[in-house]
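Keep in mind it's a predicted model, so treat the numbers as computed, not measured.
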Amino acid sequence: MPSETDDLPLAREFPPATHDDWKKLVDSVLKGAAFEKLVGKTYDGLPIAPIYSRAKDSPVVAGRANSMPWQIIQRVDHPDASAANTQALTDLKNGANGLALSFAGANGAYGFGLEPSAAALERALEGIYLDAGIAIEFQIGPQTRDIPQHFAALLARHNVAPANVDARFGFDPIGAGAVWGNSPYSWAEIAKFFGPSVAQFATLGFKGPYAVADGRIIHDAGGSEAQELAFVLAVGVAYLRALEEAGVGLETAQRMIYARLSADADQFLTMAKFRALRVLWAHVARACGLVPQPLFIAADTAWRMLTQRDPYVNVLRATIATFAAGLGGANSITVLPHTLALGLPDPFARRIARNAQIILLEESNLDKVTDPAAGSGGIESLTAELSKAAWSLFQEIEKTGGAFAALERNLIQDKVAAVRAARDKNITRRKDVLTGASEFPNLHEAPVTLLDAKPATLAPYGEAKFTFKALAPVRLAEPFERLRDKSDTLLAARGARPRVFLANLGTAADFTARATFAKSFFETGGIEALDGDGGSDPAAIAAAFKASKAELVCLCSSDKIYADLAATTAQALQAAGARHIYLAGRPGELEAAWLAAGVSEFIIAGGDALAALNAAYDSIG
């Protein structure tokens, strides 16, 4: 028997494989095409190669302690405090070990949130043993900045020692200004009060952290991973400086700050982003002359990836995001319920959000390995490249005077807007796929159950003396959802959706591929596709179109069949009353002939689907 250190006997019979050997095989398949065709790009312009070698001497990125699970955090955002209390108790009894109290007007409230009052806070936490190891995370804004004070007073009334409570207070004035696009005060004025206000909680005995550098703001606005990381660094450093000016030593100040990142369905970029933040924050600490301490990183599954249509797909997105954040070293994870984009989630949606995490921890044991991505060539490369790109942007922000000054000059906003424009272009062309929204829609989906709740209303906060571009949250599926809403309006008004007849030519083997493409293309815009039976008789196909009473028609078949039948069928369809005739595929040299025969437009993979669908509604009238 060979020893464990010997090569496997089977492996000895094969020559060693090298990267060059693989490259030769790939080149033979590419047949002269550039190898760069296989190299992807992130929105930061970072390359993603098709294959990587194993990373050598890669240090483990310090995150959670060994075999320490992340905290399962559940949002509590019902405007009614009694209902919020019911939510919180149910969550804690069924697997959650932490609560994110999201108050109205806070970043990440997304239209709902607790009423910002001492009475509402006490009612929402009634019956919860706050010193029993439960994590409490406050998501607050300028209008709710007094909530931590109310919490401290609540603990005092119940004789609970602050040192025994795991609380994160979420002070983030720069983040609030970034989302609002204005501030009543300059950063110098804010910092003067920020430092002492935060430091007082350490005096009261709370362990912290107290202030958050919230990267969700960049992610929600459509920004890139490097932009999100750079913003977190810039805000974190601004808060370090404010605390130091308040007389807090930097060694203590670094433990008063935590970070929050968005986790989305891009598994590898999400893992690399969380790992990169730890590398970058350690670099900040060393630059300050400190021994780096592990940064607490809270993760929220991404708002921008949620879709209103086919919302159950959001469960899968959130599961992948949670998986990636967990393996990337997040200390806590909050899963946004899959129906949040539609309204206030019901108990079922909240249960699914909890259980996604519980399965990954209790059944998949994802917490049992420390930094499982260490040594992976792809993840290590992405981590390093993201770190470099984020650090470069962070330095640019610092040169302008820091995070607040960069916001005033719209430096951050303009960079985010450029990425958002590129992202929007890829979404409208369906290169970035949103399953159930921009691809593979379900026009007959059943409605989901939501809670009936009236959001809390807040009084305005101060006079907007300092204004700049706002980093408002968006969802990527919104343009396609607006078309689906238009379809629903027509359905309610006339009893039928707009329809397109798929004029399939030839046999099923000829037309199935393009008919499937056309069906998905039109139905993403709420235009119901009616399948034709196929055939080679233009008159019969035109009669089937007329009988369907569809407003639009699309020819679907192979290039070979198109060459024989497209022109004559288009003429027959036009004679049967078709006002707008599509053809699925690229026309090539036959474009002029087909246009002359009556074809109005060609729909192709990679084309501007959103523009074509909007134009379809215009043609329907």
- Please step through side chain to side chain donor-acceptor pair (under 3.5 Å) for the pair Arg317 and Asn314, ending with a clear verdict. CA-CA 5 Å; Arg317 295 186 180 102; Asn314 294 329; 2.8 Å; yes

- For the pair Asp310 and Arg484, find out whether any cationic side-chain nitrogen is under 4.0 Å from an anionic carboxylate oxygen. no

If we ignore hydrogens and angles and just use 3.5 Å, is the side chain of [X] paired with the main-chain N or O of [Y] as donor and acceptor?
X      : Y      : answer
Gln308 : Ala341 : yes
Ser262 : Ala302 : no
Tyr562 : Ala584 : yes
Gln413 : Lys469 : yes
Asp44  : Ala226 : yes
Arg423 : Gly223 : yes
Gln357 : Arg354 : no
Thr42  : Leu46  : yes
Glu439 : Ser520 : no
Arg309 : Pro441 : no

- Message: Around atom CG of Asp618, are there more than 12 heavy atoms from other residues, nucleotides or ligands closer than 6.0 Å?
- Response: yes

- Task: Decide if atom CZ of Phe517 counts as having more than 12 heavy atoms of other residues, nucleotides or ligands within a radius under 6.0 Å.
- Result: yes

Between [X] and [Y], is any side-chain donor less than 3.5 angstrom from a side-chain acceptor?
X      : Y      : result
Asp264 : Thr270 : yes
Ser438 : Arg430 : no
Tyr312 : Asn442 : no
Thr334 : Arg75  : no

- Item | Tyr110 and Trp303 aromatic ring geometry - parallel, tilted or perpendicular at 30°/60° bounds |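 Taking Tyr110 first and then Trp303, their aromatic rings lie parallel (interplane angle under 30°).
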
- Which class fits the ring pair Phe348 and His338: parallel under 30°, tilted 30 to 60°, perpendicular over 60°?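 Phe348 and His338: perpendicular rings.
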
- Non-hydrogen side-chain atoms of Pro311 and Glu445 separated by less than 4.5 Å: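 Contact flag for Pro311/Glu445 side chains = yes.
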
- Item | Leu505 side chain reached by Ser536 side chain, heavy atoms, under 4.5 Å | no

- Query: Do Arg409 and Phe468 meet the cation-pi criteria used here (NZ or CZ under 6.0 Å from the six-membered ring centre, within 45° of the axis)?
  - Reply: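 Verdict for Phe468: no cation-pi partner in Arg409.
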
Looking at every heavy atom in both [X] and [Y], which two are closest together, and how far apart are they?
X      : Y      : answer
Gln267 : Ala324 : O-CB, 3.5 Å
Val419 : Tyr43  : CG1-CB, 3.8 Å
Gly526 : Ser487 : O-OG, 2.7 Å

- Query: Among Trp594, Phe602, Phe522, which one satisfies ring-ring contact (aromatic ring centres under 6.0 Å, His included) with Tyr582?
  - Reply: Phe522

